[in-house]
Each structure stands twice: as C-alpha cells, then as structure tokens.
Amino acid sequence: MICENQQELESYVAHARHWTQKGKVADYIPALAKANQAALAVSIYEPGKHCFSAGEVEHKFTLQSISKVLALAVALEDIGEEAVFEHIGMEPTGDPFNSIIKLETYKPSKPLNPMINAGALAVTSLIRGSNNHERLERLLHFIQDITNNSNVKVCEEVAQSEFDTSFLNRSMCYYMKQHNVISGDVEEILELYTKQCAVEVSCRDLARIGAVFAFDGKDPDTDRRIFPTNVARICKTFMVTCGMYNASGEFAIKVGIPAKSGVSGGIMCAVPGRIGIGIFSPALDEKGNSLAGMRLLEKMAKAYDLSMF
Ligand code: GLU
C-alpha cells in the first residue's frame with residue numbers, strides 16, 4: 001500500500017500549498033488565465049485499493065500537453081513505430097516546449113521529439129480518420145476508455161481560445177509542411193490539436209491514465225489490454241526524457257518517475273507496476289511545470305520511495 005491514509009496525503013498538500021502563490025497561471029491561451037491560482041489537488045490510483053485524493057479534487061482542467069502522450073499512443077497504434085519516427089525524432093531538446101529553433105538547425109528538418117509542440121503537431125497530423133470529426137472521436141474514445149469515464153469531453157471555450165491565438169503553432173505547422181514533415185490541411189491539424197489539448201479531466205482521471213501506463217497499457221483493475229505494451233514502453237520513455245519540458249533531467253533526479261505535465265497545471269505520473277498519480281495546480285514555474293505540483297511530487301517521491309532509479 002502506497003498511501004496509508006487520507007490525512008497523510010492532506011498534510012502533504014497543506015505543506016506544498018504556499019508554493020501556489022509563487023507561480024504564475026498560463027495566460028498565453030486567454031481562457032487558461034481564468035484558473036484559480038490557489039488550487040492544489042492530488043489523486044493516487046492504486047489498483048484494487050481506494051483512490052486517495054486530497055485538495056480541490058472537484059476542479060476540472062484541460063489536458064494541454066498531457067494529451068501529447070495520448071495522441072502519440074493512438075498514432076503508434078494507427079501507423080506503427082517505424083512510420084511515426086519517419087516524421088518525428090526521439091531526442092530531448094533542452095529548449096522550451098514551444099521553441100521553433102531546432103526545426104531549422106537540426107537536419108533532417110523534423111521535430112526532435114513528440115513532447116514538444118512541433119513534434120506533437122506532427123503526431124496529431126498522423127492520427128487516422130476520414131475527417132477531423134472522426135479523428136477527434138477516436139482520440140476521445142481512447143481517452144474515455146483509459147480514464148474509464150465516458151463523460152470526458154472537450155472544453156470548447158479553451159479549444160477556441162487556443163485556436164484563435166495559436167500563431168506560433170501555426171507557424172511551426174507551415175514550416176513543417178514546407179519541409180514535408182506534415183501533409184494535410186494546417187488549419188484542420190490545428191483544430192484537432194487544440195481540441196485534443198482542451199480535453200477536460202479531473203485529478204482522478206489523470207491518476208487513472210497514469211495507472212494504465214504504469215501497468216503497460218492494461219486496465220489495472222480488470223487486466224483488459226487497452227493498448228500494446230510496446231506503445232506504453234515508448235510513451236513512458238518519452239515521459240522520462242522529455243515529459244517535464246526542459247526540466248526533465250532535474251525531475252528524473254528529484255522524483256524519478258515517468259510523468260507528463262501541461263500548461264493548465266496538470267501532471268500525470270505512472271509509477272511502473274505500482275500506481276498512477278494525478279496532480280493539478282495551475283500556478284506554473286518559469287519552465288511551464290506546476291510549481292506546487294512539483295514540490296508535492298518531490299515530497300511524495302521521498303515518502304513513498306517512488307523513484308524507479
Ligand atoms: N496547447 C498548448 C500549446 O500548444 C500545450 C502546451 C503545453 O501544455 O505544454 O501551447
């Protein structure tokens with residue numbers, strides 16, 4: 001058993017809470033600026049056990065970059081590993097998530113990995129479907145299956161807000177189209193990407209996603225296979241090398257588990273063979289990770305001996 005009781009988890013949240021005042025809520029997507037700076041919540045999904053949660057767990061938030069892992073899983077299943085990596089590399093960048101620079105300096109001209117925006121946009125362009133509606137439905141169904149929550153849906157307000165202001169992501173798409181990294185209609189790719197980023201979840205949903213990855217693509221409660229082991233392996237490897245933006249190295253030292261964060265303040269963690277963790281706290285540090293969420297995870301990693309290294 002990882003967490004012995006509710007009070008213990010609540011005390012960790014109480015300790016980390018003051019960090020919420022030291023970060024900054026993302027506002028480059030205007031709708032995200034409405035988030036409650038003071039919120040901090042965590043859920044631990046331990047198969048066969050009670051799902052322990054503490055803090056403002058009723059809050060919903062959008063996946064943002066956490067969706068990059070899920071879109072990658074779908075694309076890998078759709079067209080296979082070899083075809084995906086013809087378009088996207090496997091290396092960490094050390095640059096911010098929305099940086100455009102290595103698209104030009106790295107040859108051949110393809111995004112370095114699927115966790116930065118350029119790579120994620122290329123992944124989204126690979127998802128199969130005869131039109132965008134079908135592609136989104138497939139992705140959404142996949143997410144509903146992993147979360148075991150058929151109510152998970154897109155927050156249209158956040159999706160539209162990002163679509164209307166995505167000038168940098170648009171630029172990267174056009175650049176990649178010029179260099180044959182992506183094909184297809186750029187506006188359609190952006191529409192699908194902004195909707196995938198705007199899928200709305202709770203901490204408990206995130207913890208359950210983490211648990212499915214922790215158990216190599218199987219439903220941790222029923223043992224039903226949701227996606228192949230190899231897909232889980234590739235996704236978790238990217239979570240370790242690039243999941244926490246250009247703080248992934250520090251995170252590997254201080255926490256030591258596969259994790260992916262998003263600019264809405266969510267962090268999804270998969271502790272291999274053990275648990276899934278979902279965190280939400282929208283005040284971010286300068287690299288785009290949830291500040292209080294990172295501190296809370298550091299504390300939990302020590303207390304529950306979570307590091308896989
Ligand atoms: N939708 C966001 C963007 O493309 C996701 C970024 C993130 O969460 O890191 O800017």
Side-chain angles (χ1 to χ4, degrees), residues 23-35 60-72 88 92-101 103 111-125 127 136 139-140 143 154-176 182 186-201 205-206 209 235 238-239 241-248 251 259-269 278-291 293-294:
K24 191 173 174 310
V25 171
D27 58 5
Y28 76 99
I29 299 172
L32 293 186
K34 295 181 185 166
K60 293 237 171 85
F61 52 95
T62 53
L63 284 173
Q64 296 305 328
S65 270
I66 299 166
S67 71
K68 292 170 178 173
V69 183
L70 304 165
L72 175 64
I88 302 132
T93 67
D95 298 324
F97 66 96
N98 55 0
S99 174
I100 200 165
I101 190 163
L103 275 182
L112 262 89
N113 69 67
M115 300 293 121
I116 50 171
N117 281 7
L121 287 157
V123 167
T124 297
S125 78
I127 292 174
L136 180 64
L139 188 56
L140 204 51
I143 298 172
V154 172
C155 172
E156 295 294 342
E157 186 201 347
V158 172
Q160 192 64 47
S161 176
E162 181 172 13
F163 185 81
D164 291 344
T165 53
S166 274
F167 306 114
L168 195 49
N169 285 342
R170 258 189 192 83
S171 316
M172 289 196 261
C173 280
Y174 281 110
Y175 189 92
M176 289 191 287
I182 59 171
V186 165
E187 294 303 311
E188 273 197 6
I189 295 167
L190 263 178
E191 187 205 3
L192 183 58
Y193 173 78
T194 48
K195 286 191 171 160
Q196 93 179 32
C197 288
V199 170
E200 203 168 44
V201 293
D205 294 323
L206 267 198
I209 296 173
C235 291
F238 279 123
M239 286 163 71
T241 57
C242 341
M244 303 301 285
Y245 308 116
N246 43 338
S248 298
F251 188 81
K260 181 75 199 91
S261 68
V263 288
S264 54
I267 308 177
M268 178 269 285
C269 311
I279 300 256
F280 171 63
S281 183
L284 309 178
D285 63 19
E286 72 287 351
K287 293 193 172 157
N289 291 309
S290 168
L291 184 54
M294 296 274 274

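Bear in mind that the values here come from a model prediction, so they are computed numbers and not experimental data. When reading the values below, keep in mind they use all heavy atoms of this one structure, side chains included, and skip hydrogens, waters and symmetry mates. We number each residue from 1, following the sequence as shown. Just so you know, ligand 1 is whichever comes first in the structure, and atom 1 is the first atom listed for that ligand.
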Give one line per pair: atom of ligand 1, protein atom, distance. Only N/O to N/O under 3.5 Å.
from, atom 1, to, atom 2, distance (Å)
ligand 1, 1 (N), Gln64, OE1, 2.7
ligand 1, 1 (N), Glu162, OE1, 2.9
ligand 1, 1 (N), Glu162, OE2, 2.7
ligand 1, 4 (O), Asn117, ND2, 3.0
ligand 1, 4 (O), Glu162, OE2, 3.1
ligand 1, 4 (O), Asn169, ND2, 3.0
ligand 1, 4 (O), Tyr193, OH, 2.7
ligand 1, 8 (O), Ser65, N, 2.9
ligand 1, 8 (O), Ser65, OG, 2.9
ligand 1, 8 (O), Tyr245, OH, 3.3
ligand 1, 8 (O), Val263, N, 2.8
ligand 1, 9 (O), Ser65, OG, 2.5
ligand 1, 9 (O), Tyr245, OH, 2.5
ligand 1, 10 (O), Tyr28, OH, 2.5
ligand 1, 10 (O), Asn117, ND2, 3.3

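Ring orientation note: the planes of Tyr28 and Phe97 are tilted relative to one another, at an angle of 30° to 60°.
Scanning for side-chain hydrogen bond (donor to acceptor under 3.5 Å, both in side chains) contacts around Asp205 gives Asn149, Ser202, with sequence neighbours left out.
Distance alone, capped at 3.5 Å, places no donor-acceptor pair between the Asn117 side chain and the Asn169 backbone.
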Q. Taking it one step at a time, do Glu286 and Lys24 satisfy salt bridge (charged side-chain N to carboxylate O under 4.0 Å, His left out)?
A. CA-CA 8 Å; Glu286 72 287 351; Lys24 191 173 174 310; over 6 Å; no

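Ser264 contributes atom OG, which lies 6.5 Å from atom CZ of Phe280 (distance to the nearest 0.5 angstrom).
Counted by atom type alone, Gln196 and Ser67 present one or more donor-acceptor pairs between their side chains at under 3.5 Å.
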